[in-house]
2 protein chains.
Amino acid sequence: MTRWLDDDEQRAWLRLAGVMLKLSPALDSQLQRDHDLTHFDYLCLAMLSESDDRTLAMSDLAARTNASLSRLSHVVSKLERRGCVHRTPSPRSRRVTLVGLTDEGWRLLVAAAPGHVETVRSLVFEGLTREDVAALERVAGHIVDRIEESRLRTTGRDSLSG
Amino acid sequence: MTRWLDDDEQRAWLRLAGVMLKLSPALDSQLQRDHDLTHFDYLCLAMLSESDDRTLAMSDLAARTNASLSRLSHVVSKLERRGCVHRTPSPRSRRVTLVGLTDEGWRLLVAAAPGHVETVRSLVFEGLTREDVAALERVAGHIVDRIEESRLRTTGRDSLSG
DNA sequence: ACCAGACACTTGATCCTTCAACCGTTGGCG
DNA sequence: CGCCAACGGTTGAAGGATCAAGTGTCTGGT
């Protein structure tokens with residue numbers, strides 16, 4: 001019935017699980033210690049900083065940070081209390097709310113970026129060849145795409161395939 | 001000052017972050033829905049099932065699941081309440097506690113394994129070449145190793161390097 | 001014009017994870 | 001022997017993520 005993983009796949013899977021289990025905490029821990037930020041907080045600020053007017057709709061920001069709207073909403077509330085971000089109702093449509101990076105948020109991002117990038121470099125990229133980096137991009141992209149597809153497959157239609 | 005990421009690295013990093021952000025929840029969600037298990041719960045049961053006597057010391061299990069002792073302790077308590085696992089003081093040393101998989105835990109694992117493996121296969125391995133799998137193992141292993149090293153570097157000695 | 005359903009979000013409860021503090025045990029050293 | 005630092009593990013509180021349910025808005029069909 002079940003097609004189990006062969007030895008190569010099993011080893012690769014164990015390692016990938018290791019990355020998920022260890023890398024997130026490692027990034028969180030550095031950012032938390034140095035700037036009282038989660039890695040996800042940082043990602044939100046970073047994505048906003050790269051957008052026109054440093055502003056995005058909640059949905060767009062959620063898509064770019066790979067997060068659920070619910071998760072994002074909680075985090076934006078937190079960042080808003082901290083003065084890093086502000087919500088505005090969109091003039092285009094009354095159901096979208098725009099999130100904008102404040103000067104305070106920009107300053108925090110600028111302060112946090114070097115340490116974070118240094119951590120990423122030293123934990124991930126240091127010692128990788130250009131081919132490794134290319135392979136990483138390819139495989140990681142493949143996985144993200146497959147997850148995206150499967151989400152569409154299960155939320156899109158439920159009644160087919162029976 | 002800071003050595004920023006070049007374009008290739010940045011794209012690869014964005015994708016890897018995407019994997020961490022999306023894959024864990026995807027695995028959790030399937031296991032949660034079908035068997036009321038976290039991916040981490042599952043990993044604990046799986047690691048125990050592959051050990052002699054289906055038993056490990058807390059520290060060993062923590063190492064194999066890439067978890068902190070604290071996290072593991074909470075989870076083992078939960079699995080214990082559920083009857084999947086039991087704690088025993090070790091006869092060898094009074095400070096280690098042994099965790100053993102119960103028959104109930106074994107049954108749960110056997111029931112959950114096919115669906116979980118199917119999910120992993122379809123989200124990760126389907127469509128990857130053998131070279132991709134090898135690259136994944138190599139790169140992921142590299143990252144885990146670097147994190148391990150850096151942990152030793154910062155917890156081992158604090159007073160040196162000044 | 002109307003209504004059903006989808007969309008864009010928000011909220012509160014619940015659960016999971018982390019953090020700091022703690023306890024008893026053990027190994028090493030004077 | 002007696003001390004102390006490190007080890008192995010547990011706990012409770014605090015913060016983060018998820019889930020289910022809710023609000024208000026927009027759209028498409030009739």
Does the ring centre of H39(A) sit less than 6.0 Å away from the ring centre of H116(A)?
-> yes
Nearest to side-chain heavy atoms of T38(A), which nucleotide of dG8(D), dG16(D), dT10(D) | dG16(D)
K22(B) NZ - dA17(D) C1' separation (whole Å) = 15 Å
Presence of donor-acceptor pair under 3.5 Å, side chain of H74(B) and base of dG12(D) | yes
At what distance, to the nearest 0.5 angstrom, does OH of Y42(A) lie from CD of Q30(A)?
-> 9.5 Å
If each of P25(A) and D60(A) is mapped to the nucleotide of DNA chain C with the nearest heavy atom, which maps nearer the 5' terminus, i.e. the 5' end?
-> D60(A)
Send over the distance from L98(B) CG to dT10(D) P, rounded to a whole Å.
-> 11 Å
Which part of the nucleic acid does R92(B) contact within heavy-atom distance under 4.0 Å: base, sugar-phosphate only, or nothing?
-> nothing
Between F40(B) (CZ) and dA17(D) (P), how many Å, whole number?
-> 18 Å
Here the distance between atom P of dC15(C) and atom NZ of K78(B), to the nearest Å, is 10 Å
Grab the CZ-P distance between R81(B) and dT11(D) for me, whole Å please.
-> 10 Å
Between dA17(D), dT18(D), dA20(C), which nucleotide gets closest to the side-chain atoms of S70(A)?
-> dT18(D)
Comparing nearest nucleotides in DNA chain C, the 5'-proximal residue of the pair Q32(A), S73(A) is S73(A)
For D6(B) and Q10(B), test the side chains for any donor-to-acceptor distance below 3.5 angstrom and give the result as yes or no.
-> no
Which is true for R33(A) with a 4.0 Å heavy-atom rule: it touches a base, it touches only sugar-phosphate, or it touches nothing?
-> nothing
With distance as the sole criterion, is a donor-acceptor pair present between the side chains of T2(A) and R121(B) under 3.5 Å?
-> no
By nearest nucleotide on DNA chain D, pick out whichever of V75(A) and S77(B) is the more 5' one.
-> S77(B)
Under 4.0 Å: is that the gap between some side-chain N or O of R94(A) and OP1 or OP2 of dC9(C)?
-> no
Rounded to the nearest 0.5 Å, how far apart are CD of E9(A) and CZ of R3(A)?
-> 8.0 Å
Under 4.0 Å: is that the gap between some side-chain N or O of R71(A) and OP1 or OP2 of dA17(D)?
-> yes
Indicate whether OP1 or OP2 belonging to dA6(C) is found under 4.0 Å from a side-chain N or O atom of R95(A).
-> no
Is there a side-chain polar atom (N or O) of S93(B) under 4.0 Å from OP1 or OP2 of dT26(C)?
-> yes
Separation of dT17(C) atom P from M20(A) atom CE, nearest Å, is 13 Å
